[in-house]
Amino acid sequence: MRIGQGYDIHRFLTDGAGGLRLGGIDVPGAERLDGHSDGDALIHAVIDAILGAAGEGDIGRHFAPGDAEWRGIDSRELLRRAEKLVVSRGFHIHNIDATVIAERPRLADHIPGMRESIARTLAVEPSRVNVKATTNEGLGAIGAGEAVAAMAVALLDEDVP
Ligand code: MG
């Protein structure tokens, strides 16, 4: 087995237009997160955890920010590609655990949808994916509602040759 961890943070856009994407789903009640892709900090943390477990560097190495190919892309597509990469290296996903840190919007009702979305993208049972959410107790930029951060760990099984 191999373990990997990932972390990401993205700031909210301030255009008031809504459009938050998190965990591969649309979440009402907040602006979209800034980023070259769709800004989905949770999916990005999961990607880094998976790549880290496989010893494959990080998301920026495989999907360089600034590359026109990834502009505005649905981060689930990047996750799908990361999963394919680690499978090609002889691994498959055992389980994922992730935490979103956000002061707003309220995420509790959307956790099951994020879990399903990530599991479906990875083609694993939802029971192998866990998503949690917490606030930052009003502290710092996250606490001020300016950004969303996410952390994830991934455990990979090594395929028996
Ligand atoms: Mg990111």
Side-chain angles (χ1 to χ4, degrees), residues 2-86 89 91 93 95-107 110-111 113-122 124 129-136 139-156:
R2 303 282 196 94
I3 193 167
Q5 62 97 22
Y7 170 81
D8 198 19
I9 184 167
H10 283 241
R11 68 179 71 230
F12 284 109
L13 291 174
T14 52
D15 57 9
L20 175 62
R21 287 282 292 184
L22 206 54
I25 64 170
D26 295 315
V27 178
E31 300 83 17
R32 176 193 158 92
L33 295 170
D34 194 14
H36 185 69
S37 64
D38 61 3
D40 193 327
L42 173 54
I43 298 274
H44 296 178
V46 171
I47 291 171
D48 264 352
I50 291 170
L51 292 174
E56 282 291 335
D58 63 19
I59 188 170
R61 179 169 132 197
H62 296 276
F63 313 108
D67 187 331
E69 190 176 357
W70 316 125
R71 188 184 309 281
I73 195 170
D74 184 332
S75 291
R76 289 176 301 176
E77 179 56 29
L78 304 181
L79 179 58
R80 205 169 282 125
R81 289 173 185 236
E83 191 266 347
K84 281 193 166 62
L85 175 79
V86 302
R89 298 289 190 268
F91 299 103
I93 287 159
N95 74 302
I96 305 279
D97 185 26
T99 303
V100 180
I101 308 147
E103 214 70 16
R104 66 183 180 95
R106 187 173 154 73
L107 295 174
H110 305 287
I111 297 292
M114 294 183 198
R115 180 188 201 186
E116 293 240 338
S117 162
I118 293 167
R120 198 178 321 117
T121 304
L122 293 171
V124 299
V129 177
N130 194 66
V131 177
K132 308 181 294 296
T134 187
T135 70
N136 216 34
L139 295 165
I142 296 169
E146 296 170 5
V148 171
M151 299 184 286
V153 289
L155 205 60
L156 304 184

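Counting starts at 1 for both ligands and their atoms, following the listed order. Every heavy atom of this structure was used, including side-chain atoms; hydrogens, water molecules and symmetry mates were not. If you read the sequence from its start, that first residue is 1, and numbering goes on from there.
Considering only residues two or more places apart in sequence or on other chains, Asp74 meets the salt bridge (charged side-chain N to carboxylate O under 4.0 Å, His left out) condition with Arg21, Arg76. For Glu56, the salt bridge (charged side-chain N to carboxylate O under 4.0 Å, His left out) partners are Arg61, Arg89, not counting sequence neighbours.
Taking the charged nitrogens against the carboxylate oxygens, Arg80 and Glu83 have no contact shorter than 4.0 Å, which rules out a salt bridge. Using a 4.0 Å cut-off between a side-chain N of Lys or Arg and a carboxylate O of Asp or Glu, Glu31 and Arg104 qualify as a salt bridge.
Note on residues 11-44: pairs passing ring pair (Phe, Tyr, Trp, His ring centres under 6.0 Å), not counting sequence neighbours, are His10-His44.
Around the Mg ion (ligand 1), the protein contributes the following N, O or S atoms under 2.8 Å, ordered by chain and number: Asp8 OD2, His10 NE2, His44 ND1.
In this structure, Asp97 contributes its side chain and Val153 its backbone to no donor-acceptor pair below 3.5 Å.
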